[in-house]
Amino acid sequence: MMHRKVVLRVVSKFLIPPILLFALYVQFHGDFGPGGGFQAGVIFGSGFILYAILFGVDTVKKVLPPWATRLMLVAGVLTYGLTGVAGLILGGNYLDYNVLAHDPVHGQHYGILIVELGVGTTVAAAMITIFNVFAGQPGGD
Amino acid sequence: MQGIVDAFKPLHDLWLAFEAFMVGPGSPGLFGYWMVIALMMTGFYVVIAHDNLVKKIVGLNVFQVSVFLFYILMAKITGGTAPILAEGIKVYSNPLPHVLILTAIVVGVATTALGLALVVRIRNAYDTIEDDEIQAVEEEEDR
Amino acid sequence: MLIMGLMALAIARIRDLFAVSMLSGIFSLTGAAAYVVLDAVDVAFTEAAVGAGISTVLMLGTLALTTRKEKLGGGRTKSTAAFLIVAAAGAVLIYGTFDMPRYGDRIAPIHHHVVPRYIEKSGEEVGLPNIVTSVLASYRGYDTLGETFVIFTAATGVLAILGRARRRREDEEADETGGGKESAS
């Protein structure tokens with residue numbers, strides 16, 4: 001059944017790398033234009049979801065096994081939380097980025113970058129996990 | 001580049017006219033809120049009047065979008081621009097509601113997913129996603 | 001926004017759930033366009049990616065697992081009662097809007113509490129041009145941390161609800177030979 005949808009397969013192969021690249025652009029350019037961790041995570045996740053729709057969930061699971069998405073899910077939240085703890089250790093308040101570097105403004109930069117990375121990882125992993133669970137269900141009409 | 005901008009000129013004029021209608025001296029300036037309330041009530045109606053659980057979740061989504069729109073409407077300042085700092089711009093729209101709604105949208109889809117997961121689970125257990133049929137099954141089991 | 005209203009009505013009336021979920025995707029996309037004209041570019045971006053993309057896909061996934069047609073029924077009394085309740089609530093809300101600040105008013109109280117500081121100082125303190133990002137990640141970092149945890153919890157919840165149902169079924173099929181073997185998802 002799948003081999004008949006040649007157009008979809010070819011187009012998706014063209015589209016998926018730019019989608020993932022665009023997600024990374026949104027992630028790291030979010031400081032300057034619109035964008036940030038939440039959007040980037042969703043776009044990154046949707047790249048994988050497109051792949052899963054066309055080639056089946058099992059194929060995606062070969063690329064990104066379930067343990068990896070779950071690890072990403074936890075790692076994102078932990079990145080966020082530990083950034084706060086790092087601020088605490090370095091002598092500031094929780095989630096105070098000023099102390100992360102010698103210059104408060106640089107500290108804010110690093111802090112926001114790391115935190116957004118954590119958010120993006122969690123959101124992407126959450127989207128992929130949710131979709132995989134839905135699509136991996138047996139039965140239906 | 002300028003050509004593209006010019007191509008969207010009529011659309012922008014249309015929006016300006018609409019904005020003038022919303023804030024102009026003749027109108028109370030509350031039209032946007034009324035639209036939001038209409039949307040909200042449509043979503044509410046779908047939630048309470050329909051038995052289908054998927055339809056209820058769609059209704060909740062409509063309700064949710066209306067609340068988002070409400071926040072964003074309040075954040076708008078006439079003549080303001082998007083809250084990205086740039087040279088020579090003095091008036092920005094209020095960024096705080098944008099932040100709140102930004103996170104709320106993503107959280108919204110996560111909770112929607114949770115709701116849909118519950119629907120699928122209910123379907124597995126009861127073989128139906130209609131509210132009244134589920135109740136009928138329950139009463140059957142009680143008897 | 002008028003288009004959005006019409007679309008919401010269509011969602012309320014159509015009984016084919018496939019059409020409803022498609023419409024809700026388009027509804028979100030129209031909403032995203034509305035956010036752009038209201039200067040909320042970040043929000044529009046998110047709504048376009050999330051509402052029009054992911055949630056439509058999830059709805060379709062659910063429909064594939066359940067059923068596509070909505071059953072007729074409910075009865076006239078129920079929908080009339082619902083309509084009356086909704087109309088009453090809407091009337092109260094519209095009465096409430098008469099005390100709202102006017103659309104686009106720059107002296108509305110919402111623009112005068114902490115926001116001027118964000119707009120004036122975030123350029124020096126955080127050094128990022130996008131105010132939304134600096135408020136999101138820095139000034140209101142706790143909020144965002146909480147939201148991230150909500151997403152995490154929701155994903156965990158979906159896994160707990162659906163991932164486990166499947167495992168139980170597989171266990172039944174395995175006829176007690178494999179026991180509680182961990183399934184893949």
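To find a chain, count down the sequence lines: A is the first, B the second, and so on, and within it residues start at 1.
With chain B as the partner, the residue from I54(C), I85(C), T46(C) showing the most heavy-atom pairs under 4.5 Å is T46(C). Note: I94(C) leads I94(C), V150(C), L58(C), T144(C) in heavy-atom pairs under 4.5 Å with chain B. In terms of non-hydrogen atom pairs under 4.5 Å with chain C, the most contact-rich of A125(B), P95(B), A110(B) is P95(B). Chosen from N61(B), V106(B), V47(B), the residue pairing most often with chain C at heavy-atom distances under 4.5 Å is V106(B).
Every residue meeting the side chain to side chain contact (heavy atoms under 4.5 Å, CB included) condition with A104(B), not counting sequence neighbours, appears here in chain and number order: F68(B).
At a 4.5 Å heavy-atom cutoff, A155(C) makes no contact with chain B through either its backbone or its side chain. In this structure, the portions of V43(C) lying under 4.5 Å from any heavy atom of chain B include both its backbone and its side chain. With a 4.5 angstrom heavy-atom cutoff, I48(B) touches chain C via backbone and side-chain atoms both. Contact of A38(B) with chain C is not made at all, since no heavy-atom distance falls under 4.5 Å. At a 4.5 Å heavy-atom cutoff, Y71(B) makes no contact with chain C through either its backbone or its side chain.
When all heavy atoms are compared, the tightest approach of S21(C) to L60(C) is OG-CD2, 3.6 Å.
Residues V36(B) and M40(B) meet the side-chain proximity criterion, which asks for heavy atoms closer than 4.5 Å.
Sequence neighbours left out, the pairs with a member in residues 141-162 of chain C that pass salt bridge (charged side-chain N to carboxylate O under 4.0 Å, His left out) are R140(C)-D143(C).
Around the CZ atom of F83(C), the shell of radius 6.0 Å holds no more than 12 heavy atoms that belong to other residues, nucleotides or ligands.
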With side-chain contact (heavy atoms from CB on, under 4.5 Å) as the test, would you mind laying out the steps for L53(B) and I57(B) before giving the verdict?
CA-CA 6 Å; L53(B) 294 175; I57(B) 288 182; 5.9 Å; no
For E47(C) and I101(B): C-alpha separation, side-chain torsions, deciding distance, then whether side-chain contact (heavy atoms from CB on, under 4.5 Å) applies.
CA-CA 10 Å; E47(C) 178 76 42; I101(B) 296 310; over 6 Å; no
